[in-house]
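Below is one structure; the comments refer to it alone.
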There are 2 protein chains.
Amino acid sequence: MSTSEIYRTLPEQIAARLRQEVLSSKLKPGDPLREVDLSERFGVSRGPVREAFRQLTQQGLLVLEPNKGVRVAQNPSVEVRPLVVRLRRTIETFVLKSIFERITADDLSYWEDILADIKAACESNDVDALTEHDLRFHQAIIRSHDDKDLFALWQPIAMRMMMHYNRLDDIMDSYREHKRILDAIQAGDKTAALDALETNIQ
Amino acid sequence: MSTSEIYRTLPEQIAARLRQEVLSSKLKPGDPLREVDLSERFGVSRGPVREAFRQLTQQGLLVLEPNKGVRVAQNPSVEVRPLVVRLRRTIETFVLKSIFERITADDLSYWEDILADIKAACESNDVDALTEHDLRFHQAIIRSHDDKDLFALWQPIAMRMMMHYNRLDDIMDSYREHKRILDAIQAGDKTAALDALETNIQ
DNA sequence: AGGTTGCAAATTGTCAACAATGTACACTTA
DNA sequence: TAAGTGTACATTGTTGACAATTTGCAACCT
């Protein structure tokens, strides 16, 4: 997502691009995606495109119907949304709690970099960039846990929250919320950090 | 899994078979899976096998390393396991709560059928069959919710709990626990049903 | 001996052709 | 006209060949 980021495989690159377009609503819920179109667009054969489709399906961004192809997934219904929020809070607070005492200076400086990106995105009113860096911020927390499996558990839940969603009136609030999380961590105030994190997830 | 069950696609059939072998520990954590081996075994080309691998990866049963292939995933660590339990309880109780008033006679008779299978598996001490029907029981509850997306959210979490796990000393306890859930539902006792469900998930 | 380099084999990744399936629409029939 | 049927067309599913990558091992150097 970050433009300089290097992806290992072809399907990953394609998936990253499509994910960005779904999260930024360039692709809207229900839109069909054709294998041939995308393979021509990316200059590859249908194989890698199919695999990118499977990856995004696993993340909940696309929906697959056998013999019919994929479409952009619908947003979670109003009924299910509170559940998704609860699940995501459960995972992220679990991780923050369990790593809190082991947070390193490197972790902090990395998170500060992301926070700076969030600030820049807010100031230039760039919603797409904000979505990207918001995601990176929370990803970074999850990934700081030793158990890599947690990320696979968290991703589909978080993605469902990130789709076409904008709960804030003032975009700068996003920066403030993330700053509050990081400030509390730096102050060593676990309770405040967890509270700030829960506030940010809704 | 149920022998008469019909799968739509080739990859689904392959995935179902491999899932059974992982859940029954015929395939053990860390075991590598080779595309050619399995394509020969199932009499298909590597394509459908690859896709089955992707499906099982999404369910958390396999782990994929680019250019290196897939291996059977490790069990969740003792540290993460309580989180997985909490997530699964959150989803299943959410579903049971929200469908409780709309449960039909058809639902109940279907669940009773599965309970009978569970009983039979317990009585013949068939752990593999028990795992299968245990899964079917909870799947049936999740699937009774209108929002089909819930299943995709639930599956990877539930699968991680089902892997190589056997918490009960007496296998018949599994039957008793599921019977308690169904009895409470039939009695219309929501609180008791939710409590029985939580007891069963650990 | 310890470490490095360079094959050769095993394995996954990608591609393009062909098969199977689903879809749209004109055509028939009552 | 309305319902059903047949037939092209569009699209996904599967296959086997070839390319790229990783891995194990032997030969080599220091």
Closest to the R54(B) side chain, choosing from dG13(C), dC15(C), dT14(D): dG13(C)
Nucleotide of dT15(D), dA17(C), dT12(C) approaching R46(A) most closely (side-chain heavy atoms):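 Closest of the options to the side chain of R46(A): dA17(C).
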Integer-rounded Å distance: [N] [atom2] and [X] [atom1]:
{"X": "R50(B)", "N": "dT15(D)", "atom1": "CZ", "atom2": "C1'", "answer": "14 Å"}
{"X": "L10(B)", "N": "dT21(C)", "atom1": "CG", "atom2": "P", "answer": "11 Å"}
{"X": "Q13(A)", "N": "dG13(C)", "atom1": "CD", "atom2": "P", "answer": "14 Å"}
{"X": "Q55(B)", "N": "dG13(D)", "atom1": "CD", "atom2": "P", "answer": "11 Å"}
{"X": "E35(A)", "N": "dT14(C)", "atom1": "CD", "atom2": "P", "answer": "15 Å"}
{"X": "D37(A)", "N": "dT11(D)", "atom1": "CG", "atom2": "C1'", "answer": "10 Å"}
{"X": "L33(B)", "N": "dA10(C)", "atom1": "CG", "atom2": "P", "answer": "19 Å"}

Residue mapping more 5' on DNA chain C - nearest nucleotide basis, E51(A) or R34(B): R34(B)
Sugar-phosphate only, base, or nothing, as touched by R71(B) at under 4.0 Å among non-hydrogen atoms: nothing
Overall bend - the helix from dA1(C)-dT30(D) to dA30(C)-dT1(D), comparing terminal axes fitted on five pairs, nearest 10 degrees: 10°
Close residues, residues 56-69 of chain A, relative to DNA chain C [heavy-atom separation under 4.0 Å]: N67(A), K68(A)
For the student: nearest non-hydrogen atoms of S174(B) and L130(B), plus distance: OG-CD1, 3.5 Å
